[in-house]
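Comments concern the structure below.
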Amino acid sequence: MPAMRLQGLTKHYRRTTQVVKALDGVSLAIEQGEFVAVVGRSGSGKTTMLDCAGLLMRPTAGQVLLDGVDTGELSERERAELRSRRIGFIFQEFNLLPTLSAMENVLLPLRYSGADRRAGRRRAEQLLNEMGLADRASHRPSELSGGQQQRVAIARSLIGEPTLVLGDEPMGEVDTETAEMLLTLMRRIHRESRVTFLIVTHDLDLAAKADRIIHLRDGHLVGDERVECAGSPVAATAAGSR
């Protein structure tokens, strides 16, 4: 069973008398344990697709299935519960709370989940150590570099042990060297945990290091290719063929 399946995913916005088609019938399946990059120009529908896949917004039409569950049939409360249990998020602008320490930011998703606090703290300590931030646990975001802040955000996305991690331009606010380091870190986590990653990026060089690249243009899926090895895309398939 795929980790996620999008079927005819459509999202339209009305602006005065004009209808903007952010997504227009996108269908694809993301298999368990894949590391997938989504690329396309600004306005191609990448972030809208990610927001629908992450249950942050409802599509105009079509289905989002997570582990076979049709999320369109769920109430808002059920969607929120599923999102907190199954999905981790990494954002371009880090979205760390400035008054909280790195440790407290990592623990934030567990605050209202009813998780055991001691176990959660042990998990947070483990994650920060894996991120190379054990000695920065008590530091606030303003005391951390951009790369360190994004590593805190990656740790936060993993604290609930999700099966799917969604990243919206997670390397967009750091320099090229730091972006390479962050991607290497996420790939290592992916290999060790087999968590499914779906990452939006405008950087084709970074995308080429994924297992698979999804191409969007004007709300349509126009390419879906496997990557045999870093920088070597192969087996391009027609849009919607999966």
Side-chain angles (χ1 to χ4, degrees), residues 3-4 30 32-37 50 53-56 66-67 80-174 177-201 206 209-211:
M4 180 181 70
I30 306 297
Q32 301 280 353
E34 281 194 299
F35 194 105
V36 181
L50 210 67
L55 311 185
L56 296 175
L66 295 180
D67 295 328
E81 290 176 350
L82 181 61
R83 186 167 59 239
S84 67
R85 292 197 318 269
R86 299 286 185 88
I87 306 174
F89 294 92
I90 311 170
F91 301 98
Q92 178 176 353
E93 297 179 353
F94 317 140
N95 286 5
L96 303 179
L97 294 186
T99 59
L100 300 184
S101 68
M103 172 66 74
E104 291 166 336
N105 269 287
V106 173
L107 286 169
L108 197 58
L110 301 183
R111 179 172 290 184
Y112 305 107
S113 69
D116 181 85
R117 291 188 178 183
R118 289 185 179 179
R121 190 171 185 86
R122 287 195 298 271
R123 169 73 172 159
E125 289 172 348
Q126 175 191 353
L127 287 168
L128 286 172
N129 184 58
E130 291 176 0
M131 302 294 154
L133 294 173
D135 60 342
R136 295 288 188 269
S138 62
H139 288 58
R140 292 184 178 182
S142 62
E143 300 171 307
L144 303 173
S145 69
Q148 289 172 334
Q149 290 184 61
Q150 194 59 297
R151 279 184 276 164
V152 173
I154 293 171
R156 180 185 59 192
S157 76
L158 297 168
I159 189 67
E161 300 186 84
T163 58
L164 174 66
V165 172
L166 304 178
D168 189 4
E169 295 282 5
M171 286 78 77
E173 291 293 312
V174 298
E177 183 179 354
T178 304
E180 293 272 1
M181 179 273 293
L182 289 171
L183 182 63
T184 298
L185 177 62
M186 285 189 283
R187 289 303 324 238
R188 178 174 61 79
I189 293 167
H190 167 257
R191 287 193 302 270
E192 293 173 355
S193 67
R194 301 308 296 168
V195 172
T196 305
F197 277 78
L198 181 63
I199 304 296
V200 163
T201 180
L206 293 177
K209 297 177 182 178
D211 299 327

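Note that the numbering runs from 1 along the sequence shown for the chain.
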Report task. Give, for atom CE of M171 and atom CG of L183, the distance between the pair rounded to the nearest 0.5 Å. Result -> 4.5 Å
**Report entry** Side chain proximity check, L198 to T196, heavy atoms < 4.5 angstrom
**Finding:** no
Report task. Could you tell me whether the side chain of R83 reaches within less than 4.5 Å of the side chain of L56, counting heavy atoms only? Result -> yes
Query - Nearest atoms (heavy-atom pairs only) where A155 meets L127 - result: O-CD1, 3.4 Å
Requested in this report: Decide yes or no for R187 and D211: does some side-chain heavy atom of the first lie under 4.5 Å from some side-chain heavy atom of the second?
Outcome: yes
Requested in this report: Enter the distance from M131:CE to I189:CD1 here, rounded to the nearest 0.5 Å.
Outcome: 3.5 Å
Query raised in the report: With distance as the sole test, does R123 use its side chain to make a donor-acceptor pair with the main-chain N or O of G160 at under 3.5 Å?
Result: no
Query - Reported CZ-to-CE distance for the pair R191 and M186, which is rounded to 0.5 angstrom - result: 12.5 Å
Report task. Any pair with a residue in residues 152-164 that passes side-chain hydrogen bond (donor to acceptor under 3.5 Å, both in side chains), sequence neighbours left out, goes on the list, sorted by first then second residue, please. Result -> none
Report summary line: Residues I90 and Q150: closest non-hydrogen pair is CG2-OE1, 3.6 Å
Requested in this report: For the residue pair D67 and Q32, establish whether any side-chain heavy-atom pair is separated by less than 4.5 Å.
Outcome: yes
Query raised in the report: Stepwise, does the side chain to side chain contact (heavy atoms under 4.5 Å, CB included) test hold for R136 with L128?
Result: CA-CA 8 Å; R136 295 288 188 269; L128 286 172; over 6 Å; no
**Report entry** For L108 against L100, the heavy-atom pair lying closest together
**Finding:** CD1-CD1, 4.1 Å
**Report entry** Minimum side-chain heavy-atom gap V152-P141 below 4.5 Å
**Finding:** no
Query raised in the report: Which atoms form the tightest heavy-atom contact between V174 and A179, and what is the distance?
Result: CG2-N, 3.7 Å
Report task. Would you indicate whether the side-chain heavy atoms of I87 and L66 approach each other to under 4.5 Å? Result -> yes
Requested in this report: Report yes if some heavy atom in the side chain of M181 is under 4.5 Å from a heavy atom in the side chain of T178; otherwise report no.
Outcome: yes
Query raised in the report: Under a 4.0 Å N-O cut-off, is there an ion pair linking E130 with R188?
Result: no
Query raised in the report: Would you call the rings of H190 and F35 parallel, tilted or perpendicular, where under 30° means parallel and over 60° means perpendicular?
Result: perpendicular
Requested in this report: Could you grab the distance from atom CD of E177 to atom CD of E180, nearest 0.5 Å is fine?
Outcome: 9.0 Å
Query raised in the report: What are the two closest non-hydrogen atoms of T201 and E169, and how far apart are they?
Result: CA-OE1, 3.5 Å
Query raised in the report: Which value, rounded to the nearest 0.5 Å, describes the distance between L144 atom CG and F94 atom CZ?
Result: 10.0 Å
Query raised in the report: Heavy-atom distance under 4.5 Å between the side chains of F89 and N95, does that happen here?
Result: no
**Report entry** Over all atoms of both residues, closest heavy-atom pair of L107 and A124
**Finding:** CD2-CB, 3.8 Å
**Report entry** Spatial distance of atom CG (L182) from atom CD (E173) [nearest 0.5 Å]
**Finding:** 12.0 Å
**Report entry** Flag if over 12 foreign heavy atoms under 6.0 Å of CZ, R121
**Finding:** no
